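What follows is a single structure, written as structure tokens, with notes after it.
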Amino acid sequence: MILKLKDLSVGYQTKKPVLSNISMTIRPGEIWCVLGPNGVGKTTLFKSILGFLHVLSGEIRIDDVDIKNWTRKQLARTIGYVPQAQTNPFPFTVEDVIVMGRTPHLNALSAPVERDMEIAERSMGMLGIGHLKHKIYTELSGGERQMVLIARALTQEPDILMMDEPTSNLDFGNQVKVLEQISSLSKKGMAILMTSHLPDHAFLCDTNVALVQRNKFRTGMADEIVTEENLKEAYKVNVKIVKAMADSGTEIKSCVPLLGNPF
């Protein structure tokens, strides 16, 4: 399915728009990374797409259908959402948490059936976390919890996956593992929209990028948008884009802050 934002303005009803005139199209197999400093509207944009906030103007369309009148259940069957790593106060097993992803497909008083359990098992297998099935979610590491949240979203069987800071609070190794899974899911045809604070993530995932600033919304491929000039303007720091060559012969790019070099 194709997610299209057309001349979208988002914010809160009693205030002026947080972001205005946003247009972008996310197609199956694409990863879009929304970059930008704190407080510029990344989360507001996500809440609006997910139906938590009413859009101020413009349209959100899926396969050319305006979704403004869709129910929460319709949205949840189409869009999976992975929040930042969280700790559930109840001691659910990993399997319990992942099976919750079947909720949009169940009636109000029905319980998961064998097919729902099979879909949850498949999601765990896809992410390589089947060995965690009977562990208590609250006792997992941050990286493991994030994989469980991704598996829960996949168990919804969505066509579009939205991920809010999917590597937030993870160590370097777990960040790489999560990014590898994001890349793998896109290659299987899923459309992915994620937010990040780290410009390097755009290079690692070979993504389309939306760089959000106050009153500005730039879109394009990573090489076009994640530039030294744009990052300086957005984050108010001096940076250098450096290049290296991997053993495979692939060029690698990274964003390095220039410490002690005033803006």
Side-chain angles (χ1 to χ4, degrees), residues 1-13 16-36 40-83 101-107 119 123 126 150 152-164 166 181-196 202 205-213 215-225:
M1 290 186 172
I2 298 174
L3 172 63
K4 186 172 185 177
L5 313 181
K6 184 177 179 182
D7 299 324
L8 192 69
S9 292
V10 299
Y12 300 86
Q13 298 293 328
K16 66 180 182 180
V18 176
L19 289 171
S20 301
N21 303 316
I22 301 167
S23 293
M24 58 193 293
T25 301
I26 302 128
R27 297 178 175 85
E30 290 184 346
I31 303 171
W32 276 83
C33 184
V34 183
L35 294 173
V40 295
K42 301 189 299 295
T43 298
T44 303
L45 176 61
F46 262 43
K47 287 180 178 179
S48 300
I49 296 172
L50 291 165
F52 301 144
L53 290 174
H54 292 293
V55 301
L56 302 182
S57 63
E59 296 178 344
I60 303 171
R61 304 181 76 87
I62 293 178
D63 277 357
D64 211 28
V65 176
D66 193 327
I67 67 172
K68 65 181 177 182
N69 294 320
W70 280 23
T71 65
R72 289 287 175 84
K73 183 170 281 192
Q74 281 178 292
L75 278 171
R77 288 177 176 176
T78 305
I79 302 176
Y81 174 55
V82 181
R102 297 304 298 162
T103 302
H105 301 273
L106 302 177
N107 294 323
I119 292 170
S123 298
M126 187 184 303
I150 295 172
R152 183 181 66 182
L154 295 180
T155 300
Q156 292 175 226
E157 296 188 301
D159 295 292
I160 300 161
L161 187 62
M162 296 181 60
M163 313 178 80
D164 188 11
Q181 290 298 338
I182 292 171
S183 180
S184 176
L185 291 171
S186 73
K187 290 173 183 175
K188 294 175 182 176
M190 185 167 287
I192 298 173
L193 179 63
M194 59 181 276
T195 64
S196 179
C205 290
D206 189 23
T207 62
N208 301 277
V209 176
L211 181 62
V212 185
Q213 300 169 249
N215 303 317
K216 288 187 179 180
F217 193 87
R218 297 187 176 100
T219 61
M221 292 300 294
D223 287 341
E224 302 167 346
I225 302 300

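Keep in mind that what you see is a predicted model, and the values were worked out from it rather than measured.
- Put simply, the side chain of Leu3 does not reach to within 4.5 Å of the side chain of Trp32, judged on heavy atoms.
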**Request:** For side-chain contact (heavy atoms from CB on, under 4.5 Å), just list the numbers for Thr43 and Thr195, CA-CA rounded to whole Å, side-chain angles, deciding distance to a tenth of an Å, and then say yes or no.
**Result:** CA-CA 8 Å; Thr43 298; Thr195 64; over 6 Å; no
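- Atoms CD1 and CD1, from Ile67 and Ile60 in turn, are 5.0 Å apart once rounded to the nearest 0.5 Å.
- A donor-acceptor distance shorter than 3.5 angstrom exists from the side chain of Gln156 to the backbone of Ala76, with no hydrogens or angles considered.
- Contact annotation: the side chain of Asn208 never approaches that of Met24 to less than 4.5 Å [non-hydrogen atoms, C-beta and beyond].
- Taking both residues in full, the closest heavy atoms of Ile192 and Ser186 are given as CD1-N, 3.9 Å, listed atom of the first, atom of the second, then distance.
- Going from atom NZ of Lys4 over to atom CZ of Arg27 covers 8.0 Å, rounded to the nearest 0.5 Å.
- In this structure, the salt bridge (charged side-chain N to carboxylate O under 4.0 Å, His left out) partners of Asp223, at least two apart in sequence or on a different chain, are Lys253.
- Atom CE of Met1 sits about 10.0 Å away from atom CD1 of Ile79, to the nearest 0.5 Å.
- Nearest heavy atoms, Val18 versus Gly41: CG1-CA, 3.5 Å.
- A distance of 9.5 Å separates CD in Gln74 from CG in Asn69, rounded to the nearest 0.5 Å.
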**Request:** I would like to know whether Met163 and Ile150 meet side-chain contact (heavy atoms from CB on, under 4.5 Å); could you show each step before the answer?
**Result:** CA-CA 9 Å; Met163 313 178 80; Ile150 295 172; 3.7 Å; yes
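- The list of salt bridge (charged side-chain N to carboxylate O under 4.0 Å, His left out) pairs with a residue in residues 153-162, not counting sequence neighbours, reads Arg102-Glu157, Arg115-Glu157, Arg122-Glu157.
- Looking only at side-chain heavy atoms (C-beta outward), Ile160 and Leu193 stay at 4.5 Å or farther from each other.
- Shown here for Ser23 and Asp7, the closest heavy-atom pair between the two residues is OG-N, 3.0 Å.
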Please output the side-chain donor-acceptor pairs of residues 44-57 that fall under 3.5 Å, not counting sequence neighbours, one pair per line with the distance.
residue, atom, partner, partner atom, Å
Ser48, OG, Thr44, O, 2.9
Ser57, OG, Ser9, OG, 3.4

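- Every residue two or more places apart in sequence or in another chain that forms a side chain to side chain contact (heavy atoms under 4.5 Å, CB included) with Ser183 is listed here: Lys187.
- For the pair Thr207 and Met221, the tightest heavy-atom approach, listed with the atom from each and the gap, is O-CE, 3.7 Å.
- With rounding to the nearest 0.5 angstrom, the CG atom of Leu185 is 8.5 Å from the CD1 atom of Ile31.
- Here the shortest heavy-atom pairing between Met126 and Gln181 reads O-OE1, 4.0 Å.
- Among residues at least two apart or in separate chains, salt bridge (charged side-chain N to carboxylate O under 4.0 Å, His left out) pairs with a member in residues 53-64 are Glu59-Arg61, Arg61-Asp64.
- Heavy-atom neighbours of Lys68 NZ from other residues, nucleotides or ligands within 6.0 Å: at or below the threshold of 12.
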**Message:** Working note: Met162 + Asp164, criterion side-chain contact (heavy atoms from CB on, under 4.5 Å); need CA distance, chi angles, decisive distance, verdict.
**Reply:** CA-CA 7 Å; Met162 296 181 60; Asp164 188 11; over 6 Å; no
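- Under a 3.5 Å cut-off, the side chain of Thr219 and the backbone N or O of Ala210 do not form any donor-acceptor pair.
- When all heavy atoms of Val34 and Lys42 are compared, the pair lying nearest together is O-CD, 3.7 Å.
- Every residue meeting the side chain to side chain contact (heavy atoms under 4.5 Å, CB included) condition with Ser123, not counting sequence neighbours, appears here in chain and number order: Ala151, Leu154, Thr155.
- Atom CD1 in Ile62 sits 9.5 Å away from atom CD1 in Ile26 (nearest 0.5 Å).
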